[in-house]
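Report on the following structure.
For the numbers below, each heavy atom of this structure counts, side chains included, while hydrogens, waters and symmetry mates do not. Here is the naming used below: chain letters follow the sequence lines, and residue numbers restart at 1 for every chain.
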Amino acid sequence: MTSHAPRLCCLDLDTFFVSVERLLDPTLLGKPVIVSGQPGERGVVTACSYEVRAFGVRSGMSLTKAAQLARDAIFVPVRHGVYADYARRVRCIASRYSPVVQVASIDEMFIDFAGCEELYRTADDRDADATIERTVRALTTSIQCELGLPSSAGIATSRSLAKVASGLAKPAGVRLVRAGDEARVLAPLPVRKLPGVGPVAERKLHALGIETLGQLACTPLPCLRGVFGAWAKHVWRGARGLGSEALGRDRPAFQEHDPGGETQGSISNERTFREDVSDERTSLDMLCSLCERVCFRARKRQVLARTVSLKLRYADFQTISRSTTLKPSCSELELYPVVLDLYRRARTRPLPLRLLGLALSNLSTAGPQLELFAGYQSLHDSVDRIRQRFGYDSVLLASSRSRALAAQSR
DNA sequence: TCTGGGGTCCTAGGACCC
DNA sequence: TCTGGGGTCCTAGGACCC
């Protein structure tokens, strides 16, 4: 039965951002590279090379810590646009091998090879598993030869296990987990390796004496409910290598056009201040600039938002959010007063601020409702056009402008 | 472990309606 | 006026992923 054979592939680009930077600057090859902001700034490691990992550096680690661990590391700024372009080219290659390709993130995708066995079969293949494994190797080789990017792949009966297998295959390998072998492969792995088990669940499981996926698989379901709640069964099945054999629903970042209809997702921007801020003017300027930014992005996506959420983090890391739902809009002129109100409600302590963020959600595609704020329409059109042509910062609300000038003078 | 920024999804309580 | 139960929406917070 093909439905029980490993046909789901998780393809993961190895240290993707670093690999792209090395393509564009070959002097970085073989050197310890960290893609992030500059050391000394408030920030974390976005991506790092294996040479840096050898010193214990991990993505998500603070830049200060990373600089201490890897003194010779080369810090390279993040260039999302460039990586997105390469990711698109990788997807094109993948779609030559199977029509069913699902994008999971910028450096990861799932490919369903069910039904493709006969297409790729050669006389040398021992069985259908061998055919798929050889095909996936050909795919990773294509990506390496055509783009110069190393990748790893896992092939298994479920999405979650394919992802685990791609981790086992790194660097630049392919790992197929045969049907019936799932539990044995998973058993010795630390619980954290299972997608869905993060730092919090890991800590709780350790407290129960559960360290490996084998132990997790043997734990009675009721014991796991305290840790995972309604997700317990899902996680427990995952630890045994059981899971959906289908890819499931795709998560497109941009929905097909459906005027007036609901659209998935949210648009958010947040900013950690270089230094904690107690000056009210600076906070309000930041809010104004965040508001312009998310509204600009909403108009670019042609969506209206019904819900506006403000996030505020105090110097002591306490994080507060306040949100409100109103008539659909994508105009900062309409939303800024609402944002100010949310800010007043959230800002109850006299402590300096570390971060401010804004999110738009409850999105609908801009259909007839666009006329609701037609009064601002031509203004936004002009501003957006100038920005597309001369860059985002070429037009700013007065409040954002004072912020930008202050930043320049620093 | 001194903790970025973009997201998604889940939970739980309260309001409100039938 | 009190009461049940289900459904839906809103809000706040948190876990997780890359």
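Across all strands, A:G196 comes closer than 4.0 Å only to sugar-phosphate atoms, never to a base (heavy-atom distances). Backbone-only engagement by A:A201 is indicated by non-hydrogen atom pairs under 4.0 Å involving sugar-phosphate atoms exclusively. Residue A:A230 is classed as a sugar-phosphate contact, given heavy-atom separations below 4.0 Å to backbone atoms only. Residue-level contact check: A:T64 touches neither bases nor backbone, having no heavy atom under 4.0 Å from any strand. Looking at heavy-atom distances under 4.0 Å, A:I106 makes no contact with the nucleic acid at all. Among the protein residues, A:V45 comes within range of no part of the nucleic acid, since none of its heavy atoms lies under 4.0 Å from any strand. Residue A:G357 is out of contact with every strand shown, counting any heavy-atom pair closer than 4.0 Å. The residue A:K163 sits close only to the backbone: its heavy atoms come under 4.0 Å of sugar-phosphate atoms, none of a base.
To the nearest 0.5 angstrom, A:F55 atom CZ is 10.5 Å from A:R71 atom CZ. Taken to the nearest 0.5 Å, the CG atom of A:L358 stands 11.5 Å off from the OG atom of A:S323. Note that CG of A:D285 and CD of A:E280 are 10.5 Å apart. Values are rounded to the nearest 0.5 Å.
If you measure from atom NZ of A:K170 to atom C1' of C:dC18, you get 12 Å, rounded to the nearest angstrom. For the pair A:L342 CG and C:dC10 P, the computed distance is 15 Å after rounding to whole Å. Atom CG in A:L353 sits roughly 17 Å away from atom C1' in B:dT3 (whole-Å rounding). The CG-C1' distance, from A:L310 to C:dT11, rounds to 14 Å in whole Å. When the P atom of C:dC17 is taken as reference, atom CG of A:L13 falls 19 Å away, rounded to whole Å. Taking atom CG on A:L312 and atom C1' on C:dT11, their separation rounds to 16 Å, with Å as the unit. Rounded to whole Å, atom P of B:dC10 lies 17 Å from atom NZ of A:K233.
When each of B:dC10, C:dG13, C:dT11 is scored by its nearest atom to the side-chain atoms of A:W231, the top-ranked nucleotide is B:dC10. Candidate nucleotides B:dG4, B:dT11, C:dC17 were compared by shortest atom distance to the side chain of A:R192, and C:dC17 ranks first. The side chain of A:S62 sits closest to B:dT3 out of B:dT3, C:dC10, B:dG6. The side chain of A:T324 sits closest to C:dT11 out of C:dT11, C:dC18, B:dT3. The side chain of A:S323 lies closest to C:dT11, out of C:dT11, B:dT3, C:dC10. Which of C:dG13, B:dG5, B:dC2 sits closest to the side chain of A:E270 comes down to B:dG5. Of the candidate nucleotides C:dG13, C:dC10, C:dC16, C:dC16 has the atom nearest to the side chain of A:V200. Candidate nucleotides C:dA12, C:dC10, B:dT8 were compared by shortest atom distance to the side chain of A:S266, and B:dT8 ranks first. Side-chain atoms of A:L355 lie closest to B:dG5 of the nucleotides C:dC18, B:dG5, B:dC10. Of the candidate nucleotides C:dC10, B:dG4, C:dC18, B:dG4 has the atom lying nearest to any side-chain atom of A:V44.
Comparing A:F228 and A:I267 by the nucleotide of DNA chain B that holds the closest heavy atom to each, the one mapping nearer the 5' end is A:I267. Projected onto DNA chain B by closest heavy-atom contact, A:G43 and A:R203 fall at different nucleotides, the more 5' of which corresponds to A:R203.
Taking the centre and axis of the six-membered ring of A:F317, the NZ or CZ atom of A:R354 falls outside the cone set by 45° and 6.0 Å.
Between C:dG13 and A:R322, a contact under 4.0 Å exists linking OP1 or OP2 to a side-chain N or O. Phosphate proximity of C:dT11 to A:S309: absent, as no side-chain N or O sits under 4.0 Å from OP1 or OP2. Distances shorter than 4.0 Å separate none of the side-chain N or O atoms of A:T46 from OP1 or OP2 on B:dG4. Side-chain nitrogen and oxygen atoms of A:R313 include none within less than 4.0 Å of the OP1 or OP2 phosphate oxygen of B:dT3. The shortest distance between the side-chain N/O atoms of A:R42 and the OP1/OP2 oxygens of B:dT3 is not below 4.0 Å. The side chain of A:S321 places no N or O atom within less than 4.0 Å of a non-bridging phosphate oxygen (OP1 or OP2) of C:dA12. Distances shown here put a side-chain N or O of A:R345 below 4.0 Å from the OP1 or OP2 atom of C:dA12. The side chain of A:T325 places an N or O atom within less than 4.0 Å of a non-bridging phosphate oxygen (OP1 or OP2) of C:dT11. A sub-4.0 Å separation between OP1 or OP2 of B:dG5 and a side-chain N or O of A:N269 is absent.
Of the candidates A:D107, A:I143, A:I93, A:V136, A:L11 forms a side-chain contact (heavy atoms from CB on, under 4.5 Å) with just one, namely A:I143.
A salt bridge links A:E270 and A:K311; the closest N-O separation between the charged side-chain nitrogens and carboxylate oxygens is under 4.0 Å.
Using N1 to N3 plus N6-O4 or O6-N4 for Watson-Crick, or N1-O2 and O6-N3 for G-U wobble, each under 3.5 Å, C:dC17 pairs with B:dG6.
Taking the six-membered ring for Trp and thresholds of 30 and 60 degrees, A:F113 and A:Y120 have ring planes more than 60 degrees apart, a perpendicular arrangement. Taking the six-membered ring where tryptophan is involved, the planes of A:F17 and A:Y83 are essentially parallel, since the angle between them stays under 30° and well short of 60°.
Comparing the same atom, P, in B:dC2 and in C:dC18 gives a spacing of 22 Å after rounding to whole Å.
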